[in-house]
Protein chains: 2
Amino acid sequence: MAGTRVREASEEDVPLILSLIRELAEYERLSHEVVATEEGLRAGLFGGRPFAEVLIAEQDGSPAGFALFFHNFSTFLGKPGIYLEDLYVKPELRGAGIGKKLLGHLARLAKERGCGRLEWWVLDWNAPSIGFYEKIGAVAMDDWTVYRLAGGALDELASGA
Amino acid sequence: MAGTRVREASEEDVPLILSLIRELAEYERLSHEVVATEEGLRAGLFGGRPFAEVLIAEQDGSPAGFALFFHNFSTFLGKPGIYLEDLYVKPELRGAGIGKKLLGHLARLAKERGCGRLEWWVLDWNAPSIGFYEKIGAVAMDDWTVYRLAGGALDELASGA
């Protein structure tokens with residue numbers, strides 16, 4: 001099974017997906033933020049209501065990387081899009097086109113499913129990834145900032161305080 | 001029916017939702033980007049595979065604003081979150097707590113559905129909204145930038161070129 005193959009993940013891949021998430025977090029210097037468990041991933045990805053989908057890239061039959069994505073929705077376009085939460089290729093396999101194969105698979109899914117856009121976030125210091133994304137024609141949404149509400153502030157808002 | 005009420009939108013609300021989307025785009029100075037149609041919204045929100053959900057706020061029985069949201073998924077938390085695509089309150093009704101009621105409803109939904117986060121984007125020049133969001137405890141994700149791939153670049157990636 002030589003070469004690169006992209007396939008859809010199934011429930012048996014949960015331990016692999018978690019280990020790849022941990023590798024990605026290490027690369028992003030965010031390992032301290034990872035509290036995901038196999039149980040949580042199983043419920044969220046393969047439970048009664050799946051919240052995201054996963055593609056696995058294999059190189060010569062071994063795991064090489066993954067993409068985790070879900071659908072967003074643009075009110076201005078009036079149609080869904082694809083949001084790429086994670087894209088990861090193992091460091092020793094970078095530069096061989098595996099990331100582009102994962103993105104190409106997603107772009108085809110986007111067209112098949114009538115989506116208008118493919119979107120994701122990038123850490124500002126991650127110059128190699130930014131260079132790659134700009135090469136394929138992605139545009140930085142520079143005049144927007146992401147806000148996040150979590151923990152106690154989320155609880156407080158939910159309580160109506 | 002005095003006071004503020006937040007309710008879930010149904011298919012009959014599609015014309016109202018589209019008119020509120022257009023009002024929001026006007027406020028964001030992005031009207032030229034709105035190509036959404038009633039047909040697109042009907043298919044995307046109330047079709048066989050709904051991609052987003054809508055809350056309508058009413059003041060004294062009349063439409064006052066809306067929130068459109070969908071689920072995202074955090075691989076680091078290993079659980080879903082809620083992403084707020086649009087939050088809009090009619091200009092003449094602002095400052096009366098309607099936006100906070102919509103967000104509070106969403107925060108309760110987030111807790112009920114086991115979500116760890118509520119997230120959204122804000123235009124950097126929109127100081128009134130940013131002030132409001134920071135007051136309720138939201139945090140700016142300053143070290144991330146959103147990238148978008150659309151149009152010809154998306155087609156090209158999909159074609160494997």
Side-chain angles (χ1 to χ4, degrees), chain A residues 21 24-25 30 33-37 40-41 44-45 51-52 68 70-80 83 85-86 103-104 107-108 110-111 116-125 133 136-150 152-158 160, chain B residues 21 24-25 30 33-37 40-41 44-45 51-52 68 70-80 83 85-86 103-104 107-108 110-111 116-125 133 136-150 152-158 160:
Chain A
I21 288 170
L24 169 63
L30 294 172
E33 290 189 14
V34 179
V35 296
T37 61
L41 291 177
L45 302 176
F51 291 96
L68 185 141
F70 48 80
H71 283 284
N72 58 12
F73 189 81
S74 163
T75 47
F76 287 5
L77 299 183
K79 55 166 127 172
Y83 181 85
E85 174 73 16
D86 281 350
L103 280 177
R108 281 187 291 281
K111 305 299 288 182
R117 297 167 174 165
L118 184 54
E119 293 170 314
W120 61 92
W121 303 0
V122 189
L123 275 164
D124 291 337
W125 56 255
Y133 295 145
I136 61 168
V139 175
M141 306 294 289
D142 278 331
D143 46 353
W144 294 85
T145 298
V146 180
Y147 275 77
R148 175 180 291 172
L149 192 73
L154 182 63
D155 293 342
E156 196 177 316
L157 188 65
Chain B
I21 289 168
L24 169 64
L30 293 172
E33 289 189 15
V34 179
V35 296
T37 61
L41 291 178
L45 302 176
F51 290 97
L68 185 142
F70 47 80
H71 283 285
N72 58 13
F73 189 82
S74 163
T75 45
F76 287 6
L77 298 183
K79 56 167 122 171
Y83 181 86
E85 174 72 14
D86 280 350
L103 280 177
R108 281 186 291 282
K111 303 300 287 183
R117 296 168 175 165
L118 184 53
E119 293 170 314
W120 61 92
W121 302 1
V122 189
L123 274 163
D124 291 338
W125 57 255
Y133 295 144
I136 60 169
V139 175
M141 306 295 289
D142 278 331
D143 46 354
W144 294 84
T145 297
V146 180
Y147 275 77
R148 175 180 291 171
L149 192 73
L154 182 62
D155 294 341
E156 194 176 318
L157 188 64

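Residue numbering restarts at 1 for every chain, and letters A, B, ... go by the order of the sequence lines.
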*Which one of A:Ser74, A:Gly104, A:Gly44 has the most heavy-atom pairs closer than 4.5 Å to chain B?*
A:Gly104
*Would you indicate whether the side-chain heavy atoms of B:Trp120 and A:Leu149 approach each other to under 4.5 Å?*
yes
*Is there side-chain contact between B:Trp144 and A:Val122, with heavy atoms separated by less than 4.5 Å?*
no
*asked:* Applying ring pair (Phe, Tyr, Trp, His ring centres under 6.0 Å), can you list everything that pairs with B:Phe51, at least two apart in sequence or on another chain?
replied: A:His71
_Side chain / backbone / both / neither for A:Tyr83 at chain B, heavy atoms under 4.5 Å_ = neither
*Pick from B:Ile136, B:Val34, B:Leu118: which one has the most heavy-atom pairs with chain A under 4.5 Å?*
B:Leu118
_Do A:Asn72 and B:Asn72 have side chains that approach each other closer than 4.5 Å (heavy atoms only, starting at C-beta)?_
no
*Give, as side chain, backbone, both or neither, the part of A:Leu68 having an atom under 4.5 angstrom from any heavy atom of chain B.*
side chain
_Largest heavy-atom contact set with chain A, pairs under 4.5 Å, which of B:Trp125, B:Phe73, B:Trp121, B:Tyr147_ = B:Tyr147
*Under a 4.5 Å heavy-atom cutoff, which of B:Ile21, B:Val35, B:Asp143, B:Asp142 has the most pairs with chain A?*
B:Asp143
*Contact leader toward chain B among A:Asp155, A:Leu41, A:Leu154, where contacts are heavy-atom pairs under 4.5 Å*: A:Leu154
*For A:Phe76, what residues pass the ring pair (Phe, Tyr, Trp, His ring centres under 6.0 Å) criterion, not counting sequence neighbours?*
none
*So what's closer than 4.5 Å to chain A heavy atoms on B:Glu85: side chain, backbone, both or neither?*
side chain
*What part of B:Asp86 lies closer than 4.5 angstrom to a heavy atom of chain A: side chain, backbone, both or neither?*
side chain
_For B:Gly116 versus A:Ala150, what's the shortest heavy-atom pair and its separation?_
O-CB, 3.7 Å
*Checking heavy atoms, do the side chain of B:Lys111, its backbone, both or neither come under 4.5 Å from chain A?*
side chain
*Could you have a look at B:Gly40, B:Ala25, B:Ala52, B:Ala138 and say which one has the most heavy-atom pairs with chain A under 4.5 angstrom?*
B:Ala138
*Quick one: which of B:Ala153, B:Pro80, B:Gly152 has the most heavy-atom pairs under 4.5 Å with chain A, could you say?*
B:Pro80
